[in-house]
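Please read the structure below before turning to the comments.
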Amino acid sequence: MPELPEVETIVRELRPMVTGRTVVDVAVFRADALGSLGPDEFRAALCGKRILNVTRRGKFLIFELSPAGYLICHLRMTGKFAVTTAPARPERHHRVWFHLDDGSVMIFQDMRCFGTLAVVERLPDAPSLAKLGMDPLSRGFSLKWLAGALGRSKSPLKHWLMDQTKIAGLGNIYTAEILFRAGLSPLRPACQVGDEETAQLHRATREVLRRAIRKNGTTISDFRRVDEKTGEFQNFLRVYGKEREPCLSCHTPIAKIRQQQRSTFYCPSCQT
DNA sequence: AGCGGAACCTGTCGGC
DNA sequence: TGCCGACAGGTTCCGC
């Protein structure tokens with residue numbers, strides 16, 4: 001489900017709702033998301049901890065805890081958060097309730113049970129975070145960095161951009177939109193991107209992500225912001241999900257192909 | 001290095 | 001109407 005703009009949207013909404021709150025109790029309704037940690041250990045690791053801040057790395061949500069520790073969440077395809085007053089009973093897809101000291105409950109729900117929750121003492125203890133590459137909205141994501149990172153990789157651009165160890169945060173939707181705006185084919189080997197094209201790719205990446213965040217992300221079917229609100233960037237997509245529709249700049253029908261077992265959408269005429 | 005395939009789990013949609 | 005397969009915004013592991 002969520003890519004960088006969706007996770008960033010959730011972080012921005014969740015932050016003012018839970019920062020400063022203390023976790024007073026944790027109810028686990030389905031432990032799939034907790035990995036090796038049992039529900040009791042998970043609960044013990046969180047009870048009494050105060051939430052200092054909510055941040056993001058790539059597609060990971062990070063709750064900074066006091067006096068120590070971090071709750072790290074990946075929403076995968078269908079994970080969502082809501083903050084409400086205590087509901088009477090858990091709904092079908094509720095996985096964990098975090099009871100907070102002001103009487104509110106932060107709910108983690110996840111239809112497909114792909115999402116993950118982990119508690120670590122120190123951030124380097126989280127192997128998933130350690131592997132993440134450059135955040136495309138950070139200062140480090142410079143044109144120079146990108147040119148160097150594309151390097152000698154023969155991977156198709158689509159695959160390269162979605163590799164979280166290279167750039168952290170891009171998924172299927174935004175990769176398609178970025179490549180369209182950069183005029184680059186998703187099939188082009190990363191090492192065969194010229195200087196001018198690299199500059200276009202760099203600019204398109206920043207632009208698409210910033211606009212998507214401004215529109216609170218993309219809701220196609222499942223994604224919801226905190227408390228079930230939808231994003232709006234789906235109204236600005238140019239290729240994702242647009243197969244057979246005319247390209248906005250040249251009217252060639254948008255193509256849909258399979259790449260790495262995922263759908264890829266692109267304009268075969270504009271994107272070379 | 002890079003690719004295809006499968007797996008995790010649940011829901012929806014289109015075709016027959 | 002109903003069943004069945006394909007597909008879904010993500011990640012990881014395995015084998016070639």
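Just so we're on the same page: letters track the sequence lines, and every chain starts at 1.
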(request) Could you check if a side-chain atom of A:F81 sits within less than 4.5 angstrom of a side-chain atom of A:I107, using non-hydrogen atoms only? (result)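 A side-chain contact is absent here, since even the closest heavy-atom pair is not under 4.5 Å.
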(message) Looking at A:T78, I'd like to know whether one of its side-chain N or O atoms comes within less than 4.0 Å of OP1 or OP2 on C:dG9.
(response)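 False: A:T78 side-chain N/O out of range (4.0 Å or more) of C:dG9 OP1/OP2.
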(message) So, does A:Q164 get its side chain near the phosphate of C:dG10, meaning an N or O under 4.0 Å from OP1 or OP2?
(response) no
(request) Select one nucleotide: of C:dA8, B:dG4, C:dG10, the one nearest the side-chain heavy atoms of A:E3. (result)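 For the A:E3 side chain, the nearest candidate turns out to be C:dG10.
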(request) Choose from C:dC7, B:dC3, C:dG10 the nucleotide whose nearest atom is closest to any side-chain atom of A:S263. (result)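 The answer is C:dC7, which lies nearest to the side chain.
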(request) Tell me who clusters with A:I257, hydrophobic residues only, linked when side chains sit under 4.5 Å apart either directly or through other members. (result) A:L187, A:Y266
(message) Give the dot-bracket line for DNA chain C from 5' end to 3' end: parentheses for intra-strand Watson-Crick or G-U pairs under 3.5 Å, square brackets for crossings, | for inter-strand pairing, dots for unpaired.
(response) .|||||||.|||||||
(request) With sequence neighbours excluded, give me every salt bridge (Lys or Arg N to Asp or Glu O under 4.0 Å) pair touching residues 156-173 of chain A. (result)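 Every pair satisfying salt bridge (Lys or Arg N to Asp or Glu O under 4.0 Å) with a residue in residues 156-173 of chain A: A:D163-A:K166.
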Can you tell me, in whole Å, how much space there is between the [atom1] of [N] and that of [M]?
N     : M     : atom1 : value
B:dG4 : C:dA8 : P     : 16 Å
B:dG2 : C:dG9 : C1'   : 24 Å
C:dG5 : B:dA7 : P     : 15 Å
C:dC3 : B:dC9 : P     : 24 Å

(message) Rounding to an integer number of Å, can you tell me how far A:K166 NZ sits from C:dT11 P?
(response) 14 Å
(message) Quick check: closest heavy atoms across A:C267 and A:T252, and the distance to 0.1 Å?
(response)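 Shortest heavy-atom contact: SG-CB, 4.2 Å.
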(message) Taking A:L65 as the starting point, is it possible to reach A:Y70 by hopping between hydrophobic residues whose side chains are less than 4.5 Å apart?
(response)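 No; tracing contacts between hydrophobic side chains, which count when under 4.5 Å, never links both residues.
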(message) Under 4.0 Å, heavy atom to any atom of DNA chain C: which of residues 206-219 of chain A qualify?
(response)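 Close to the strand are A:T218, A:T219.
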Got a list of protein N/O to nucleotides 7-11 of chain B N/O distances below 3.5 Å?
residue : atom : partner : partner atom : Å
B:dC9   : O4'  : A:R112  : O            : 3.1
B:dC9   : O3'  : A:R30   : NH2          : 3.2
B:dC9   : O2   : A:R112  : NE           : 3.1
B:dT10  : OP1  : A:R30   : NH1          : 2.6
B:dT10  : OP1  : A:R30   : NH2          : 3.0
B:dG11  : OP1  : A:R92   : NE           : 2.6
B:dG11  : OP1  : A:R92   : NH2          : 2.9
B:dG11  : OP1  : A:H93   : NE2          : 3.4
B:dG11  : OP2  : A:R92   : NH2          : 3.2

(request) Check the pair A:F29, A:H94 against ring-ring contact (aromatic ring centres under 6.0 Å, His included), reporting the backbone distance first and the verdict last. (result) CA-CA 7 Å; A:F29 303 110; A:H94 287 189; 7.2 Å; no
Are any protein N/O atoms closer than 3.5 Å to N/O atoms in nucleotides 13-16 of chain C? If there are, list each pair with its distance.
none

